[in-house]
Number of protein chains: 2
Amino acid sequence: MDSQQFKEFGKAAVEFIAEYNDTVRERDVLPSVEPGYLLSLLPENAPEEPQDWQSVFKDFKDTIIPGLTAWQSPQFHGFFPCGSSYPSIVGSLLTDGLGTICLTWASGPVSTELEIVTLNWLGKMIGLPEEFLNSSLGTGGGVIHSSASEAVFVCLLAAKEKTLRRLKQDPDFNEDQAKLKLVAYTSEQCNSAIEKAGVLGSMKMRLLKSDSDGRLRGETLKKAIQEDKEKGLIPCYVVATLGTTGTCAFDPLEELGPICQEESIWLHVDAAYAGAAFICPEYKYLMDGVSYADSYSFNAHKWLLTNISVSPTWVKNDIDFLNTFDVQRVYLDDINSETKIPDFRHWQLPLGRRFRALKLWLVLKIYGAKGLREHIRNQVSLAQYFAHLVRKDKRFVVDPEPSMGLVCIRLAEGDDLTKTLLDNLIAKRKVFMVTAFSGSKVIIRVAIGSRFTNKSDIEVTWNLIKAEADILFGESPKDI
Amino acid sequence: MDSQQFKEFGKAAVEFIAEYNDTVRERDVLPSVEPGYLLSLLPENAPEEPQDWQSVFKDFKDTIIPGLTAWQSPQFHGFFPCGSSYPSIVGSLLTDGLGTICLTWASGPVSTELEIVTLNWLGKMIGLPEEFLNSSLGTGGGVIHSSASEAVFVCLLAAKEKTLRRLKQDPDFNEDQAKLKLVAYTSEQCNSAIEKAGVLGSMKMRLLKSDSDGRLRGETLKKAIQEDKEKGLIPCYVVATLGTTGTCAFDPLEELGPICQEESIWLHVDAAYAGAAFICPEYKYLMDGVSYADSYSFNAHKWLLTNISVSPTWVKNDIDFLNTFDVQRVYLDDINSETKIPDFRHWQLPLGRRFRALKLWLVLKIYGAKGLREHIRNQVSLAQYFAHLVRKDKRFVVDPEPSMGLVCIRLAEGDDLTKTLLDNLIAKRKVFMVTAFSGSKVIIRVAIGSRFTNKSDIEVTWNLIKAEADILFGESPKDI
């Protein structure tokens, strides 16, 4: 494919994307395919001869598109939103078009430096303390990890390394035995990625009981640490969540932080979804106590209009990363080794990665801080509007209170009916949601996330739910 | 930004990318910037007001482009190539435009299934044994990891889990103590990612001495295992490299494989760079013995014209991944849980990821198997041509023999001069290469990798090197 054909194909793809997004609310959210549909459609071997882009593009429309779940549809309410926006799409396109990899500073000075700049911008926007920012004075800084999973795991390893280094000062210290005694703590409400980090890093991860609002309280943590210390274990790492996956609950950092400080435990804050909201002053109180944290991450690719994979992660002391990951090779010697510019390959799992800061930069500039705040506020108000509609129907309970763009609902009559309602809804493929628990009760999570969502979309979702409830209860349609 | 503005910006970006790539050989390979250049150019805070795309695009050209290292330039010979091609760029664009995340099967049926299809296609193209492919009969299959680092680490964890499960059959087994005794082996020539996997997974990674050709031999491995067993350690994991980073040497799988089999050690094959070449029948002999492997990975984003991040990884027994990573949550319950379709979130580190199979599918279809073989063969022949030019100059030694697209050269007069030559060359920013060792000798690695490279580009590179050598030796220019 030469550059002329690329221009034709590329522009046709741009047209397609615009049209797909313009019409996404008319599509079924869930595709009408059964497991294995594509396996039976496509040939068993790659084509031997080159195919022209026009026929491949037709195949794309005929075979790929029908198997797609429409994450950008206003009726997609599953999980948390999948960040996307036009500036981000073009940013990603430019990244691919430049065909560069971030490795050492010299392998792409602008990749390293734009990551510093955008993460400083973003860190200030969400109100992180100065110590987390990259400056010529301090030891803090941000890096773009590929996922919250990577962030939580990388920080777990740094916590392990730091704890062992501290304990080594004792002449009787046995490193191997100490490794077996390290313990990490998080809430039972944590994302699976946090539990997985414990598996990956061979560290016992205790899932502590949350309170009735889904929050991990200081007292609970304190008690668990005390128990473990009495057993001779070594508390090492705490992951607090700001915006849990189940119900978007916020662990109180002001309770957890002082305990971690006192016990010399690394505190990581996982704000994967809700972290984006802290660009609005009115939500910043939810991160009170963040100054106790050693590291902090959120996914710009969830709620900040940026395509996956952009998980900004900040650390107060980059030495903790360097001590953990620095594996040298002569071919990676860098002309930058004398400066204060970070060498991000020591801050992450892979050696090389995409130039991801570019799309984030485009999003920050084209929306502006103001535009991004408007986006968050609009989505929160749509969630409130949805909760308002639900509350008018006595068959439903909003439980717990809506938090950010997430509204959790259930049928007053109980778990089985709630589950049946969701199954029936999903079977029709027009909306998508998933279940979770509020306390011991089954709830349906309705996450508002598409950037296209407006008030009438919210009404469409509610009417679909209500109509399904009518069928379930054998009633005639109710007024909203 | 609405869809109309997106169409304008997107198409302008497509035009820019075509023009950038068409003229990339006229650009300096290394940018003329000093560390910190961008930090002083950009403001300290994100803009408050939205900016229009035209002015942002201008900023992109004025501030981002000047800080770019031109990985796609035919005069970029550093590291290994950074895969890129027009079909891949459009594939990635479509992925972003659809705005989807791969999580469960239901969250994107086509994402999961296209990954199965393309990895079966690719597995067959490179000649992997049937057992590695996804079929309704066996337990094998492929997954797209984000990097060779992830692949090597994930397989290390699976090896650990599998070994511990086997040992658990002994009633006196102490899991905690056993974990401390696990050992992994690889060659001293391994990529830093392999050593890092040992750090990440808390497993001792022994870097064994390679032979004079840079290969890890069976005898060396056997001896190391014997030593460790005598010390009461538990050999667990071997990583063999096909195409080492330093000199593109190939570990002999036929020697290492039977030893791993006999000792019940997991054998992972890391063919990060050279793996792409196995689509050509004439190179398949270099992977003889691959049937002994438990897992196999390579980076399509190096030499297979696919943009980062696409590291296909195959495993013979998916149960080994599932046992390692399965961390359940109610909100991740999937309607697919009864079928044979793999749930890739249990095969990898992150929970969600990009729909990466799409660009790979476009590359495979638009180039066809034939076109991809032509690409590999063309690059190997260009490397041979470069070696031929170097050999005519008695001041230079080609050492070792060229392997795939990599030619390593040094000055006969010794290491210091070789290093000085490279420093002087790089200072002029017209070519980029890095050093490595052949045995104890410093060499300059000249990796041929841009898809644009032709014979005259090779001559340009050689003439630049030769002219620099002339200056170094105080000689007048020599004939080629």
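Because the structure is a prediction, the values reported are computed rather than measured. Proteins come first, then strands; the chains are lettered A, B, ... in the order of their sequence lines, and each starts at number 1.
- In this structure, A:Ser149 and B:Leu351 approach most closely via the heavy-atom pair OG-N, 3.6 Å.
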| field | Evaluation steps, side chain to side chain contact (heavy atoms under 4.5 Å, CB included), between B:Trp71 and A:Leu103 | value | CA-CA 11 Å; B:Trp71 280 71; A:Leu103 208 67; 4.1 Å; yes
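- Counting heavy-atom pairs under 4.5 Å between each of B:Trp361, B:Phe16, B:Tyr20 and chain A puts B:Trp361 at the top.
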| said: Please determine whether side chain to side chain contact (heavy atoms under 4.5 Å, CB included) holds for the pair A:Tyr86 and B:Trp53, giving the CA-CA distance in whole Å, both sets of side-chain angles, and the decisive distance to 0.1 Å. | reply: CA-CA 10 Å; A:Tyr86 290 132; B:Trp53 72 262; over 6 Å; no
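- Note: B:Thr100 leads B:Val117, B:Thr100, B:Asp52, B:Leu364 in heavy-atom pairs under 4.5 Å with chain A.
- A:Gln177 CD: more than 12 foreign heavy atoms inside a 6.0 Å radius.
- Proximity to chain B (any heavy atom under 4.5 Å) is shown, for A:Leu372, by neither the backbone nor the side chain.
- Using a 4.5 Å cut-off between heavy atoms, B:Leu114 contacts chain A through both its backbone and its side chain.
- Here the closest non-hydrogen pair linking B:Leu200 and A:Phe153 is O-CZ, 4.0 Å.
- Ranked by heavy-atom pairs shorter than 4.5 Å toward chain B, the options A:Pro31, A:Ser84, A:Ala46, A:Ala18 are led by A:Ala46.
- When each of A:His301, A:Gln4, A:Glu34 is checked for heavy-atom pairs under 4.5 Å with chain B, A:Glu34 comes out on top.
- How far CG of B:Asp2 is from CG of A:Asn21: 12.0 Å, rounded to the nearest 0.5 Å.
- Smallest separation of non-hydrogen atoms from A:Gly67 and B:Pro109: O-CD, 3.3 Å.
- If you measure heavy-atom distances from B:Asp176 to chain A, the contacts under 4.5 Å come from both the backbone and the side chain.
- If you tally non-hydrogen atom pairs under 4.5 Å between each of B:Gly108, B:Gly352, B:Gly36, B:Ser309 and chain A, the highest count goes to B:Gly36.
- Between the CD atom in B:Gln51 and the OH atom in A:Tyr367 there is a gap of 14.5 Å [rounded to 0.5 Å].
- In this structure, the portions of B:Tyr37 lying under 4.5 Å from any heavy atom of chain A include both its backbone and its side chain.
- Counting all heavy atoms, side chain and backbone alike, A:Val14 lies closest to B:Phe6 at O-CE2, 3.5 Å.
- Chosen from B:Gln5, B:Met125, B:Lys179, B:Lys11, the residue pairing most often with chain A at heavy-atom distances under 4.5 Å is B:Lys11.
- Side-chain contact between B:Ser107 and A:Phe432 is absent, with no heavy-atom pair separated by less than 4.5 Å.
- With a 4.5 angstrom heavy-atom cutoff, B:Asn45 touches chain A via backbone and side-chain atoms both.
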| task | List the steps and the verdict of side chain to side chain contact (heavy atoms under 4.5 Å, CB included) for A:Phe355 and B:Ile64. | result | CA-CA 11 Å; A:Phe355 176 21; B:Ile64 304 299; 4.1 Å; yes
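- For a residue to count as touching a neighbouring chain, one of its non-hydrogen atoms must lie under 4.5 Å from one of that chain's; by this rule B:Pro87 touches chain A with backbone and side chain alike.
- Only the side chain of A:Leu30 comes within contact range of chain B, with at least one heavy atom under 4.5 Å from a heavy atom of that chain.
- Considering only heavy-atom pairs separated by less than 4.5 Å from chain B, the leading option among A:Leu180, A:Leu362, A:Thr118 is A:Leu180.
- Proximity to chain B is absent for every atom of A:Leu122, based on heavy atoms less than 4.5 angstrom apart.
- If you measure heavy-atom distances from B:Leu157 to chain A, the contacts under 4.5 Å come from the side chain alone.
- For A:Phe76, no part sits under 4.5 Å from any heavy atom of chain B, backbone or side chain.
- Comment: A:Glu48 does not engage B:Lys370 in a salt bridge, judged by the lack of any side-chain N to carboxylate O separation of less than 4.0 angstrom.
- Put simply, CD on B:Glu49 and NZ on A:Lys365 are 13.5 Å apart, with the number rounded to the nearest 0.5 Å.
- Note on A:Asn134, A:Val90, A:Asn120: by heavy-atom pairs under 4.5 Å with chain B, the leading option is A:Val90.
- With chain B as partner, the option from A:Trp121, A:Phe437, A:Phe60 having the largest number of non-hydrogen pairs under 4.5 angstrom is A:Trp121.
- Per-residue counts of heavy-atom pairs under 4.5 Å with chain B were compared for A:Ser147, A:Gly10, A:Gly99; the largest is that of A:Gly99.
- Contact tally against chain A (heavy-atom pairs below 4.5 Å) for B:Leu98, B:Leu42, B:Thr63, B:Leu39: the top residue is B:Leu98.
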| message | Determine whether A:Leu94 and B:Phe57 satisfy the following criterion, side chain to side chain contact (heavy atoms under 4.5 Å, CB included), listing intermediate values before the conclusion. | response | CA-CA 10 Å; A:Leu94 289 168; B:Phe57 200 31; 4.3 Å; yes
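- Legend: residues meeting side-chain hydrogen bond (donor to acceptor under 3.5 Å, both in side chains) with A:Ser202, ordered by chain and number and at least two apart, are B:Lys160.
- If you measure heavy-atom distances from A:Pro66 to chain B, you find no contacts under 4.5 Å at all.
- Most heavy-atom pairs under 4.5 Å with chain A, from the set B:Lys359, B:Glu113, B:Glu150: that is B:Glu113.
- Contact between A:Pro35 and B:Ile341 at its shortest, heavy atoms only, is CB-CG1, 4.0 Å.
- For chain A, the nearby part of B:Lys124 is the side chain; its heavy atoms alone come within less than 4.5 Å.
- A:Cys82 and B:Ile101 make their closest contact through SG-CG1, 3.3 Å (heavy atoms, listed as atom of the first residue, atom of the second, distance).
- Taken to the nearest 0.5 Å, the OG atom of B:Ser55 stands 8.0 Å off from the CD1 atom of A:Ile366.
- Applying the salt bridge (charged side-chain N to carboxylate O under 4.0 Å, His left out) definition to pairs two or more places apart or across chains, those involving residues 82-103 of chain A are A:Asp96-A:Arg354.
- Between A:Glu19 and B:Lys7 there is no side-chain heavy-atom pair separated by less than 4.5 Å.
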